[in-house]
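What follows is a single structure, written as structure tokens, with notes after it.
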Amino acid sequence: MLVSMIELLHEAQRDRFGVVAFNVIGLEHAEAIVAGATRERAPVILQISENAIKYHLGELEPVGLACAELARRAPGRVALHLDHATSFALCERAHAAGFTSVMFDASAMAFDDNIRETKRLAAWAHGAGIAIEGELGVVGGKDGIHSSVDGMTDPARAADYIAATGLDALAVAVGSEHGMRARTARLDLPRIDRIRANVAVPLVLHGASGVADALLVEAIAHGISKVNIATQLNQAYTRAVRASLASDPDVVDPRRYGAEGRDAMIAVVRDRCRLAGASGRDC
Ligand code: G3H
Ligand code: 13P
Ligand code: ZN
């Protein structure tokens, strides 16, 4: 069933587990995420980034409505979230298509501009009846920007930021970086503790693909409630498709190698939901 992301995050915050948000590229991704979560009886978040929508020729609705329908048909709880949006018009389109939350990414803006624009978007989101995630600090790995200590979320500013903007969930920069292929990120766990102590809303870890399993479990124990994973899913999909194509150079039917890619993603989804402690929470 299609549910609100914020309801899942409040449950995760209360019970100290992580809801995993997997990034959708094509329909095989969305099918694998819902199938894997269903087998685990885990609540899950399907998220589509602004860049993924650009890949779909700038059209949110074909991929977004398909994801909303997959969520509605799922036996367990599935939220549908717009990830890393910089465009207000895109947020409006997401809401119209049934998305239950958006992330407004103003992390590239100066602090005052970030507050002003995020506050405007939060007022709109709440009027529309959906939840909103924002980011304070800079999680690198996109557009040639790398994570740095200077870009980490300042725990002292976090409370003011939430109070000024009215956000429902906060993405924190604590040492992870988008797009890492090796799990070598060094998270600043004491910083997560300090942010957690200062703000009441659920905390989000972007770039979780680069975090080693034991460290991810610790991050959740220290107060992370939403775990964003894209690269691990894409690695599994691409590896399986590449192996399938290599094993049968005459293949032309995308369903042959697409199914192998999808199966590989299902395995990742199941494994990540188990690691985050989300398995077994749904019927
Ligand atoms: O942060 C989200 C995922 O890493 C996907 O990123 O679709 O913006 O490249 P992208
Ligand atoms: P990774 O691609 O590093 O897993 O990051 C995912 C993410 O943060 C999506 O918002
Ligand atoms: Zn991200």
Tell me, do [X] and [Y] make a side-chain contact under 4.5 Å, heavy atoms counted?
X    : Y    : result
S225 : V204 : no
T153 : Y161 : no
Y237 : V268 : no
R281 : R41  : no
I33  : I45  : no
V199 : L203 : yes
N23  : I229 : no
L215 : L189 : yes

If you take all heavy atoms of [X] and [Y], which pair is closest and at what distance?
X    : Y    : answer
A173 : G137 : CB-C, 4.1 Å
A85  : C91  : CB-SG, 3.9 Å
I192 : H222 : CG2-O, 3.5 Å
L60  : A97  : CD2-CB, 3.7 Å
H126 : G166 : CE1-O, 3.0 Å
L2   : G98  : CD2-O, 3.6 Å

Mind checking whether [X] and [Y] sit in one hydrophobic cluster, side chains of I, L, V, M, F, W, Y counted as touching below 4.5 Å?
X    : Y    : value
V19  : V78  : no
V44  : L9   : no
I6   : L170 : no
I25  : L46  : no
I132 : I48  : yes

Salt bridge (charged side-chain N to carboxylate O under 4.0 Å, His left out) pairs, two or more places apart, involving [range]:
range            : answer
residues 74-87   : E11-R77, R77-D282
residues 147-174 : none
residues 204-221 : R183-D213, D213-R272

Greater than 12 external heavy atoms within 6.0 Å of [X]'s [atom1]:
X    : atom1 : answer
R120 : CZ    : yes
F88  : CZ    : yes
R256 : CZ    : no

Axial cation check for Y257 ring with R262, 6.0 Å and 45° limits: no
Can you tell me if [X] uses its side chain to pair, donor with acceptor, with the backbone of [Y] under 3.5 Å?
X    : Y    : answer
D15  : F17  : no
E260 : A264 : no
T38  : V34  : yes
H178 : G140 : yes
S209 : Q232 : yes

Look up atom [atom1] in [X] and atom [atom2] in [Y], then write down how far apart they are to the nearest 0.5 Å.
X    : Y    : atom1 : atom2 : value
Q47  : H29  : CD    : NE2   : 12.0 Å
F104 : S87  : CZ    : OG    : 8.5 Å
E117 : D105 : CD    : CG    : 12.5 Å
H206 : I224 : NE2   : CD1   : 9.5 Å
T165 : L121 : OG1   : CG    : 10.5 Å
R72  : C67  : CZ    : SG    : 11.0 Å

Candidate pair T231 and M180, rule side chain to side chain contact (heavy atoms under 4.5 Å, CB included), full reasoning: CA-CA 7 Å; T231 300; M180 289 177 69; over 6 Å; no
Do you see a donor-acceptor pair shorter than 3.5 Å between the side chains of [X] and [Y]?
X    : Y    : value
T238 : N234 : no
Q13  : K226 : no
E133 : S101 : no

Option from V172, L216, L205 for which side-chain contact (heavy atoms from CB on, under 4.5 Å) with L187 holds: L205
Set of residues satisfying side chain to side chain contact (heavy atoms under 4.5 Å, CB included) with respect to N198, sequence neighbours excluded: P155, A159
Contacts of D271 that satisfy side chain to side chain contact (heavy atoms under 4.5 Å, CB included) - sequence neighbours left out: none
Derivation of the side chain to side chain contact (heavy atoms under 4.5 Å, CB included) call for T100 and V3: CA-CA 7 Å; T100 57; V3 300; over 6 Å; no
Salt bridge present between D113 and R116 (N-O < 4.0 angstrom): yes
Mutual orientation of the aromatic rings belonging to W124 and H95 [parallel < 30°, tilted 30-60°, perpendicular > 60°]: perpendicular
Derivation of the side chain to side chain contact (heavy atoms under 4.5 Å, CB included) call for E31 and L27: CA-CA 6 Å; E31 289 164 344; L27 197 53; 3.6 Å; yes
Worked verdict on E59 versus R93 for salt bridge (charged side-chain N to carboxylate O under 4.0 Å, His left out): CA-CA 10 Å; E59 298 292 346; R93 281 172 80 172; 3.0 Å; yes
Residues in ring pair (Phe, Tyr, Trp, His ring centres under 6.0 Å) contact with F22, at least two apart in sequence or another chain: none
